[in-house]
Number of protein chains: 4
Amino acid sequence: MSEIDQTPLHQMVETLSQEENMTAKQVKIIEAAIEIISEKGYYNTSTSEIAKRAGVAEGTIFRHYRTKKDLLITIVTPVITSFSAPVFADKLVDQVFREDYEHFEDLLYTFIKNRFAFAQANLPMLKILLQELAFHPEIQSTYKDTFIEKVYPAFNKALDFYKEKGDIQDLPNETLIRMIIPPIIGFMITRFIIQPDRKWDDEMEMKQTVTFIMKGIGSLK
Amino acid sequence: MSEIDQTPLHQMVETLSQEENMTAKQVKIIEAAIEIISEKGYYNTSTSEIAKRAGVAEGTIFRHYRTKKDLLITIVTPVITSFSAPVFADKLVDQVFREDYEHFEDLLYTFIKNRFAFAQANLPMLKILLQELAFHPEIQSTYKDTFIEKVYPAFNKALDFYKEKGDIQDLPNETLIRMIIPPIIGFMITRFIIQPDRKWDDEMEMKQTVTFIMKGIGSLK
Amino acid sequence: MSEIDQTPLHQMVETLSQEENMTAKQVKIIEAAIEIISEKGYYNTSTSEIAKRAGVAEGTIFRHYRTKKDLLITIVTPVITSFSAPVFADKLVDQVFREDYEHFEDLLYTFIKNRFAFAQANLPMLKILLQELAFHPEIQSTYKDTFIEKVYPAFNKALDFYKEKGDIQDLPNETLIRMIIPPIIGFMITRFIIQPDRKWDDEMEMKQTVTFIMKGIGSLK
Amino acid sequence: MSEIDQTPLHQMVETLSQEENMTAKQVKIIEAAIEIISEKGYYNTSTSEIAKRAGVAEGTIFRHYRTKKDLLITIVTPVITSFSAPVFADKLVDQVFREDYEHFEDLLYTFIKNRFAFAQANLPMLKILLQELAFHPEIQSTYKDTFIEKVYPAFNKALDFYKEKGDIQDLPNETLIRMIIPPIIGFMITRFIIQPDRKWDDEMEMKQTVTFIMKGIGSLK
DNA sequence: CATGAATGAGCTTTCATTCAT
DNA sequence: TATGAATGAAAGCTCATTCAT
């Protein structure tokens with residue numbers, strides 16, 4: 001599993017910065033942009049505000065990112081790919097077929113735990129992605145490339161494997177996916193956005209979610 | 001069930017217009033605003049564009065809505081209340097206790113069908129609500145007033161009733177709601193936003209969703 | 001002396017209304033305009049606000065006054081003429097020569113008392129005149145016509161009369177006027193605008209002002 | 001006495017610009033604003049007009065002054081403080097008590113000459129102050145802070161000193177001030193605003209004004 | 001590389017004025 | 001005669017982007 005996934009936010013940005021040869025100022029800019037945009041939204045955030053928070057001149061932003069939207073894309077693209085990475089990563093797919101997970105339930109549980117950790121570490125970036133996806137065609141196409149073309153097929157493979165194995169019912173994969181994903185997303189949205197301040201027993205909630213999904217799609221032996 | 005719910009968009013706006021004593025121009029403005037904002041988002045839509053599409057002078061907008069945000073709120077508020085209306089409407093709650101629905105499954109099915117029809121009729125307004133909820137505290141508070149204070153209690157009543165009756169498992173209502181709502185929303189988002197152009201057998205999908213949910217929360221006789 | 005002078009504000013407007021054949025609505029408009037403009041200034045007062053306060057439709061204002069500035073002029077012109085009226089009124093000039101006032105000091109005292117009463121009764125209108133005179137050429141020309149062409153000559157006559165009589169020094173009239181007017185205006189501005197809420201012994205103050213002026217311009221017997 | 005006082009207008013602005021670290025464009029903006037506003041008034045002057053006259057983009061104005069009113073205040077505040085400065089300046093007060101002026105008449109004459117020079121150099125700014133004072137509470141409060149709290153006490157000290165010395169009558173200071181100030185202001189308004197084009201023997205007029213005031217308030221030996 | 005003053009297009013909003021009713 | 005909805009020009013202001021230093 002990618003090491004990026006579970007590191008806290010600024011570590012992640014720093015990690016990226018090395019991979020992409022970012023200067024210290026660039027890191028500052030990205031961090032400031034993530035903070036402010038996730039809080040107030042893209043259109044309510046001015047480049048001057050980002051510059052101020054980052055401690056750089058406004059011109060410096062445009063030295064590194066041709067436009068304001070460029071900056072948004074720079075923030076949002078790695079989230080899309082990272083978020084979907086473990087699903088289609090060779091490692092995972094390998095594991096599936098090396099039968100590291102005896103049952104689909106085990107795979108599902110690992111999947112939820114892993115994505116939960118990622119969401120926790122990348123909450124601001126995910127908020128931005130969620131909000132801006134609707135209005136920027138550039139983001140939509142990245143999302144489509146990654147999700148539709150990569151995540152989806154990987155999902156299909158896994159589902160076919162466990163269907164054959166008899167773990168899950170023989171429904172169309174699209175239907176199965178629509179039963180698996182929303183309860184997971186629903187839990188996370190409630191957990192991180194609607195009621196972030198409530199006391200949560202995350203472990204228990206995730207197990208419950210898995211159980212709920214499995215009752216719905218598991219084969220009726 | 002309110003008659004408003006299932007009328008198509010412009011009929012709905014017209015219905016509202018009579019109730020609220022709107023002039024023809026006001027109706028045009030609201031219609032134009034819904035169209036453009038749902039397509040491009042609030043911040044990408046200028047009042048001059050709305051005016052042009054509505055065939056009125058820009059000043060006319062501000063005769064009727066003090067600010068641009070006022071216009072947004074005027075569009076979005078009735079969606080929030082209408083969307084939740086049938087949930088807590090006296091009639092529905094009454095029916096529950098008059099046992100018009102023998103089993104929770106029946107209630108759930110009616111609920112999905114009804115909300116599906118509403119979403120279909122009010123898609124543009126719902127898109128706007130979904131997107132702008134995050135950034136406008138005024139909308140958030142309307143949402144909270146309506147949802148938290150009215151919908152939630154009504155839900156609780158119904159759940160308690162069918163729990164006692166033995167239809168559904170004895171889980172905390174919050175957990176139950178988190179299992180019921182996301183699959184429904186998930187279906188609708190897929191249906192109307194992600195893949196609106198696919199051929200759908202809506203009836204079948206809704207039944208499947210109900211079955212899925214019931215397997216997860218139904219009592220294990 | 002004109003009867004208009006000492007009547008309270010709305011009586012004065014009503015009096016004017018009869019002379020000029022004003023409808024009830026017109027009176028209301030003028031009254032509202034005087035109130036609001038004197039308080040907030042011409043440019044901070046909108047016609048819609050005047051209409052609201054007057055209890056008429058906005059269109060009604062423009063039925064009676066072609067433009068907003070027309071309305072201002074209608075308010076301000078009679079103040080200019082009324083304020084200067086008693087100075088050059090036939091009656092007064094007559095009195096001067098009929099020697100109703102034995103000494104210039106007596107004339108001065110009557111003059112101050114009379115103008116004080118007028119200012120008190122017409123304070124809002126005078127405030128408007130004072131403020132707007134600077135920016136509206138139309139008002140300036142009315143002021144010039146009245147003041148320069150009528151008040152001034154009348155003043156000259158009186159001054160010449162009492163100079164000859166030996167009551168006042170043989171200085172150029174322009175100089176004398178510049179010594180007589182400012183202390184009077186200065187008193188009134190302090191009295192009505194700078195410190196209107198202080199307890200004033202008006203009678204005493206006016207006498208003192210006369211004494212002060214007379215010391216300065218009286219002949220040194 | 002402050003050296004600022006007697007420099008001509010644009011020199012003064014330039015002097016200010018150095019003290020306050022103004023850019024060349026800022027100076028241009030201030031100069032243009034003073035010119036146009038003093039001529040046509042604050043509400044008849046648009047920011048676009050100021051920008052045009054200053055030879056800058058309209059946005060540049062708002063880089064330096066958050067609002068149009070901010071610009072007004074920036075213009076008007078130093079006039080208030082400079083105008084009153086010499087009155088309460090330590091130097092002056094010191095001089096009074098070091099008896100540089102043997103008689104109040106001498107002090108008065110110096111005062112008039114000095115304020116006359118200041119008015120001449122700052123006429124446009126003073127016009128603006130005079131007109132806008134009525135409508136902007138921010139200006140009023142600056143005026144009050146400076147005038148009521150600083151000028152007034154200084155005046156009182158001087159008056160008490162010369163009363164005791166027997167130069168002026170034992171009247172309440174408020175009354176004395178109301179006799180001293182209006183003739184001076186009256187002269188200046190006539191000189192600079194009502195009849196600026198007339199041929200004036202300023203020296204003589206000022207002496208005459210002093211004589212007039214002294215006759216009125218001087219002790220009757 | 002970094003700066004930040006300058007830009008100007010475009011925004012929302014105001015308001016005197018018009019005109020069909 | 002009175003109305004008030006509609007107008008549209010013009011206002012103040014914002015902000016992504018440029019560029020000389």
Side-chain angles (χ1 to χ4, degrees), chain A residues 23-26 29 42-52 54-72, chain B residues 22-26 28-29 43-52 54-71, chain C residues 23-26 29 42-52 54-72, chain D residues 22-26 28-29 43-52 54-71:
Chain A
T23 66
K25 302 235 167 191
Q26 275 188 76
I29 290 168
Y42 178 76
Y43 291 104
N44 288 315
T45 302
S46 68
T47 49
S48 90
E49 204 178 351
I50 295 171
K52 211 168 285 162
V56 302
E58 213 172 340
T60 308
I61 292 177
F62 291 89
R63 184 150 289 283
H64 296 293
Y65 309 95
R66 266 182 41 272
T67 65
K68 188 187 170 192
K69 188 164 274 184
D70 248 46
L71 177 60
L72 177 66
Chain B
M22 277 181 174
T23 66
K25 303 242 166 186
Q26 270 188 81
K28 284 273 192 184
I29 291 167
Y43 292 106
N44 287 314
T45 303
S46 70
T47 49
S48 90
E49 203 178 351
I50 295 172
K52 212 168 285 165
V56 301
E58 207 170 345
T60 308
I61 293 177
F62 292 92
R63 269 216 134 249
H64 296 293
Y65 308 95
R66 274 183 27 271
T67 63
K68 188 188 170 193
K69 187 163 276 184
D70 244 49
L71 177 60
Chain C
T23 66
K25 302 235 169 191
Q26 274 187 78
I29 290 167
Y42 178 76
Y43 292 104
N44 289 314
T45 303
S46 67
T47 49
S48 89
E49 204 179 349
I50 295 171
K52 211 169 285 161
V56 303
E58 213 171 339
T60 308
I61 292 178
F62 291 89
R63 184 150 288 283
H64 295 293
Y65 308 95
R66 266 185 39 272
T67 64
K68 188 188 171 192
K69 187 164 274 184
D70 249 44
L71 176 59
L72 177 66
Chain D
M22 277 182 174
T23 66
K25 302 241 166 189
Q26 271 188 79
K28 285 274 194 184
I29 291 167
Y43 292 105
N44 287 315
T45 303
S46 70
T47 50
S48 91
E49 203 179 351
I50 295 171
K52 213 167 284 165
V56 301
E58 204 170 347
T60 307
I61 293 177
F62 292 93
R63 270 215 131 251
H64 296 293
Y65 308 95
R66 272 181 30 269
T67 63
K68 188 189 170 193
K69 187 164 274 184
D70 245 48
L71 177 60

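Below, all heavy atoms of this structure are taken into account, side chains as well, without hydrogens, waters or symmetry copies. Just so we're on the same page: letters track the sequence lines, and every chain starts at 1. Being a predicted model, the structure only gives us computed values, none of them experimental.
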What nucleotide among [options] has an atom nearest to a side-chain atom of [X]?
| X | options | value |
| --- | --- | --- |
| A/Ser46 | F/dA16, F/dG8, E/dA5 | F/dA16 |
| B/Thr23 | E/dT7, F/dA16, F/dA6 | F/dA6 |
| A/Lys68 | F/dT17, F/dT3, F/dT7 | F/dT17 |
| D/Ala57 | E/dT7, F/dT17, F/dT7 | E/dT7 |
| D/His64 | E/dA6, E/dT3, F/dT3 | E/dA6 |

Can you check whether A/Ser48 has a side-chain N or O nearer than 4.0 Å to OP1 or OP2 of F/dC15?
->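 The answer is no; no side-chain N or O of A/Ser48 sits under 4.0 Å from OP1 or OP2.
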
Would you mind reading off the distance between [X] atom [atom1] and [N] atom [atom2], rounded to a whole angstrom?
| X | N | atom1 | atom2 | answer |
| --- | --- | --- | --- | --- |
| D/Glu58 | E/dA5 | CD | C1' | 17 Å |
| B/Phe62 | F/dG8 | CZ | P | 16 Å |
| B/Lys28 | F/dA6 | NZ | C1' | 16 Å |
| D/Lys52 | F/dA10 | NZ | C1' | 12 Å |
| A/Arg63 | F/dA20 | CZ | C1' | 12 Å |
| A/Glu49 | F/dT17 | CD | C1' | 18 Å |
| D/Tyr43 | E/dC15 | OH | C1' | 15 Å |
| A/Ile50 | F/dC15 | CD1 | C1' | 12 Å |

Could you grab the distance from atom CD of C/Gln26 to atom CG of C/Leu71, nearest 0.5 Å is fine?
->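 So the gap between those two atoms works out to 10.0 Å.
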
Look up atom CD1 in D/Ile50 and atom NZ in D/Lys28, then write down how far apart they are to the nearest 0.5 Å.
->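 With rounding to 0.5 Å, CD1 (D/Ile50) is 15.0 Å from NZ (D/Lys28).
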
Which comes earlier along DNA chain E counting from the 5' end, the contact point of C/Asn44 or that of C/Gly59, where each point is its nearest nucleotide?
->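 The residue closer to the strand's 5' end, by nearest nucleotide, is C/Asn44.
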
Above 12 or not: heavy atoms from other molecules or residues under 6.0 Å from NZ of C/Lys69?
->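 Enclosed: over 12 neighbouring heavy atoms sit under 6.0 Å from NZ of C/Lys69.
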
Between B/Lys25 and A/Thr47, name the one whose nearest nucleotide on DNA chain F is closer to the 5' end.
->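 That would be B/Lys25.
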
A/Thr67 vs B/Thr60, nearer the 5' end of DNA chain F by closest nucleotide =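 Here B/Thr60 is the residue nearer the 5' end.
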
Does a side chain donor of either B/Thr47 or B/Glu58 reach within less than 3.5 Å of an acceptor in the other side chain?
->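 Yes, side-chain donor-acceptor contact under 3.5 Å.
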
For F/dT21, give its Watson-Crick or G-U wobble partner with both distances under 3.5 Å, or none.
->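 Looking at the geometry, F/dT21 pairs with E/dA2.
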
Tell me the partner of F/dA16, counting only Watson-Crick (N1-N3 plus N6-O4 or O6-N4) or G-U wobble (N1-O2 and O6-N3) with both under 3.5 Å; none if nothing fits.
->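 E/dT7 is the nucleotide pairing with F/dA16.
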
pair C/Lys68-C/Leu72: side-chain heavy atoms closer than 4.5 Å =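 When only atoms from C-beta onward are counted, C/Leu72 and C/Lys68 do not touch, as no gap falls below 4.5 Å.
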
